[in-house]
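Read through the structure below, which is laid out as structure tokens, and then see the notes.
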Amino acid sequence: MRNSSDWKPTAYRTHTIGQVVSNGAKIIGKEVTIAGYAETVRGRGAICFLMLRDGTGKIQAFLKKDNMESDIFDSMQSSTRESTIKVTGFVAQKRPPKVKEGEALPSPEYEINVSSGEILASSETPLPVGVIDDVNVGLDVRLDNRHLDLRRTHVNAMFQLRSKVLQYGREHLIKEGFMEMNSPKIIASASEGGTNLFPMMYFDTPAFLSQSPQLYKQLAVLGGLERVFEIGPAFRAEKHDTYRHLNEFISFDIEGAWMNDEDVMGVQERMINHIWTCVAQNDQNLIDSINVYRNSQGNDSIKVEIPSIPFPRIAYCDAIEIVKSGGAEIEWGDDIESHHCDIIAAKYPGFHFIPRWPMAMKPFYIHHKENEKSTSGGQLSRGFDLNYGRDEMTSGGQREHRVEILEQNLRNMDLNPEDFNFYTDGFRYGAPPHAGWGLGVARLLMVLTGAGNVREVVLFPRDRSRVTP
RNA sequence: GCCCUGAUGGUGUAGUGGCCUAUCAUGCAGCCCUGUCGAGGCUGCGACCCGGGUUCAAAUCCCGGUCGGGGCGCCA
């Protein structure tokens, strides 16, 4: 539940429920108006108990037929679950519940002794997904009804955490001198290469949805903005169907001038460390909400373990050796696949960087140094990944800032440099050495919240078969 | 794109050819209750994904379709 201690009254309430819950002792006897969703409606006689919930807390409203107009009482006691209701009444201390012998009484709670009220919008029945039901609901049904799913405490908590993670990430980058920018999402041609793009018509011109802000953040740095970041959508027309892929996702991207790969790895590990530190300090209540649900489903609690920095760096060449010694078949130049990552993660649980990939496996815009070769003579690059367990969080690297090398890289990959003028033209008038990365926000949230599927931490996910809601 | 797997009331499930006009929980509706709090008691409501086939007999077996889930590949 959100902390609303500073929230002002609105047209529909004098207090948030959270304000009454946390201040009850000081405002006993005071008349307040609150509004919320009817979580339960109990008692069908001459008294009635409404459990009201808003985004800040839950409180019981006590209705007695003698204390109010009978038609208001009748409509409220026959209201359906999840209807939105406004009540006016006096704050009172709640009678303590019966407890088994030997058990301690809970700490004092407060309720509203209702004198009048109004149903703002009644809920149809039955609910397509229960908000407080114990029954486990399938993800697909939940996503079809996300507006109701979101009323569940632990789901709500996950999205509050998501907001916090973005907030703390922003705070940290701004502190390190990065400024927020926005790049276009409608583009004429691929800005990164590699994956398939969604085609679209831009009036009479064929265009695509952007797969990455890569080129634009580099152009911003070339233009002298020095240090930039962007949190925005990226679109990939890949027909994958996994717990960690979506066709639209939010990418957390940075780019910094006069930096190399090691510099931006430092930015990243400091940022992640800052996010975890802030969550541990400020948001344990959200983690607790998630754990209440996890425990009810027989899952272990999650803990916010602040990752210490620096994160381990396992150079690609070393990673290959670790995988080999773990018994898997892999050669220098092969991609490190998920089952290989399991072997590495067994040795390095938690966040770890994998720098110095073979140049041939990285995009043409990644920087390399001629003298950095593998023992077998293969050219290494200044590209890196950040992994957690078997999952890739980030891809990044130092970029190539010399246009003649960029064009040579393209030729080395059997590509025609003229086809990439949209990219290389920006590099013809002087360019600072620079580096950056792109981080999958939902994947980071999976690590923090223990979610087993990115769809859990994306409000309205877009996957291969889902375009609504 | 490949491999595996699944679809039963609103939701989550039981069911392995006849015992199924289908189990349980939750929900929903109605009645009882002036302090409930996982409220309780009583009475009801509500389902075998679609199409074809096998069989005396199909929720159950076979084929096709649709829509899910898991794994792989690719990536963030």
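Numbers restart at 1 for each chain; the letters A, B, ... are given by sequence-line order, proteins then strands.
Taking the C1' atom of each, B/A22 and B/G46 are spaced 13 Å apart, rounded to whole Å. Of the C1' atoms belonging to B/G17 and B/U54, the separation is 12 Å, rounded to the nearest Å. B/A58 and B/U21 are spaced 12 Å apart, taking the P atom of each and rounding to whole Å. Nucleotides B/U60 and B/G9 have their P atoms positioned 14 Å apart, rounded to a whole Å. Going from the P atom of B/G12 to that of B/U8 covers 8 Å, rounded to whole Å. Nucleotides B/A59 and B/G18 place their C1' atoms 13 Å apart, quoted to the nearest Å. To the nearest whole angstrom, the two C1' atoms, one in B/C48 and one in B/C20, are 10 Å apart. Comparing B/A57 with B/G1, their P atoms are spaced 40 Å from each other, to the whole Å.
Under the 4.5 Å side-chain criterion, counting only non-hydrogen atoms from C-beta, A/R53 is in contact with A/V131. You'll find the side chain of A/M265 stays beyond 4.5 Å of the side chain of A/M259, heavy atoms only. Inter-residue side-chain proximity for A/F159 and A/T449 is flagged as unmet; no heavy-atom pair is nearer than 4.5 Å.
Residue A/D463 is the one, among A/G438 and A/D463, whose nearest nucleotide of RNA chain B lies closer to the 5' end (criterion: closest heavy atom). For the pair A/I250 and A/Q93, nearest-nucleotide mapping onto RNA chain B gives the more 5' position to A/Q93.
Note: A/H172 and A/H274 have tilted aromatic rings, judged against thresholds of 30 and 60 degrees for the angle between ring planes.
For the pair A/D391 and A/R244, the tightest heavy-atom approach, listed with the atom from each and the gap, is OD1-CD, 3.4 Å. Nearest heavy atoms, A/R390 versus A/C341: CA-CB, 3.6 Å. Closest heavy-atom contact between A/N387 and A/E392: OD1-CA, 3.7 Å.
With salt bridges taken as basic N to acidic carboxylate O contacts below 4.0 Å, one links A/E180 and A/R170. Between A/R142 and A/E456 there is a salt bridge, with a side-chain nitrogen of the basic residue lying less than 4.0 Å from a carboxylate oxygen of the acidic one. For the pair A/E269 and A/R313, the salt-bridge criterion is met [side-chain N within less than 4.0 Å of a carboxylate O]. Between A/R152 and A/D133 there is no salt bridge, since no side-chain nitrogen of the basic residue lies less than 4.0 Å from a carboxylate oxygen of the acidic one.
Using a 4.0 Å heavy-atom cutoff across all strands shown, A/E111 reaches at least one base atom of the nucleic acid. As judged by a 4.0 angstrom heavy-atom cut-off over every strand, A/P128 is placed among residues touching the sugar-phosphate backbone only. Within 4.0 Å of A/P233, counting heavy atoms only, lies no atom of the nucleic acid at all. Heavy atoms of A/E337 sit under 4.0 angstrom from primed sugar atoms or phosphate atoms, though from no base atom. Across all strands shown, A/V441 has no heavy atoms under 4.0 Å from either base or sugar-phosphate atoms. Residue-level contact check: A/M393 touches the backbone only, with heavy atoms under 4.0 Å from sugar-phosphate atoms and none from bases. Residue A/V137 is in sugar-phosphate contact alone, with no base atom involved, counting any heavy-atom pair closer than 4.0 Å across all strands shown.
Of the side-chain N and O atoms in A/T40, none sit less than 4.0 angstrom from OP1 or OP2 of B/C37. Listed pair A/R42 / B/G38 fails the phosphate criterion, with no side-chain N or O lying under 4.0 Å from OP1 or OP2. OP1 or OP2 of B/C74 has not a single side-chain nitrogen or oxygen of A/R244 nearer than 4.0 Å. The side chain of A/S395 contributes an N or O atom lying less than 4.0 Å from OP1 or OP2 of B/A76. For the pair A/R390 and B/C72, the criterion of a side-chain N or O lying under 4.0 Å from OP1 or OP2 is met. Proximity of A/R236 to the phosphate of B/C75: no side-chain N or O atom is located under 4.0 Å from OP1 or OP2. The shortest distance between the side-chain N/O atoms of A/S465 and the OP1/OP2 oxygens of B/G68 is below 4.0 Å.
For A/R81, whose side chain is taken as the heavy atoms from C-beta onward, the closest listed nucleotide among B/C28, B/G35, B/A29 is B/C28. Of all nucleotides listed (B/G69, B/G73, B/G71), B/G71 comes nearest to the side chain of A/Y243. Distance from the side chain of A/K94 is smallest for B/C37 among the nucleotides B/G1, B/A29, B/C37. Of the candidate nucleotides B/G73, B/C37, B/G27, B/G73 has the atom lying nearest to any side-chain atom of A/T242. Taking the side chain of A/P126 as heavy atoms from C-beta on, and the options B/G10, B/C37, B/G70, the nearest nucleotide is B/G10. Nearest nucleotide to the A/N113 side chain, out of B/C75, B/G27, B/G35: B/G35. Nearest to the side-chain atoms of A/R464 among the listed nucleotides B/G1, B/U26, B/C28 stands B/G1.
Looking at A/H245, its side chain comes within 3.5 Å of the base of B/C74 through a donor and an acceptor atom. Within 3.5 Å, a donor on the side chain of A/R443 pairs with an acceptor on the base of B/C75, or the reverse. Contact of A/E238 with B/G73 (side chain to base): no donor-acceptor pair of N or O atoms is detected under 3.5 Å.
Secondary-structure stems of RNA chain B, taken as three or more successive Watson-Crick or G-U wobble pairs (i with j, i+1 with j-1) under a 3.5 Å distance threshold, comprise B:1-7 with B:66-72, B:10-12 with B:24-26, B:27-32 with B:40-45, B:49-53 with B:61-65.
Look at A/F249 and the base of B/A76; the rings stack, centres closer than 5.5 Å and planes less than 30° apart.
Taking every heavy atom of residues 62-72 of chain A and every atom of RNA chain B, pairs under 4.0 Å involve A/F62, A/K64, A/D66, by number.
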Q) Stepwise, does the salt bridge (Lys or Arg N to Asp or Glu O under 4.0 Å) test hold for A/D253 with A/K217? A) CA-CA 8 Å; A/D253 270 86; A/K217 58 181 184 168; 2.5 Å; yes

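Of the candidates A/R146, A/H147, A/R151, A/D149 forms a side-chain hydrogen bond (donor to acceptor under 3.5 Å, both in side chains) with just one, namely A/R146.
Rounded to whole Å, the distance from CG on A/D144 to C1' on B/A7 is 15 Å.
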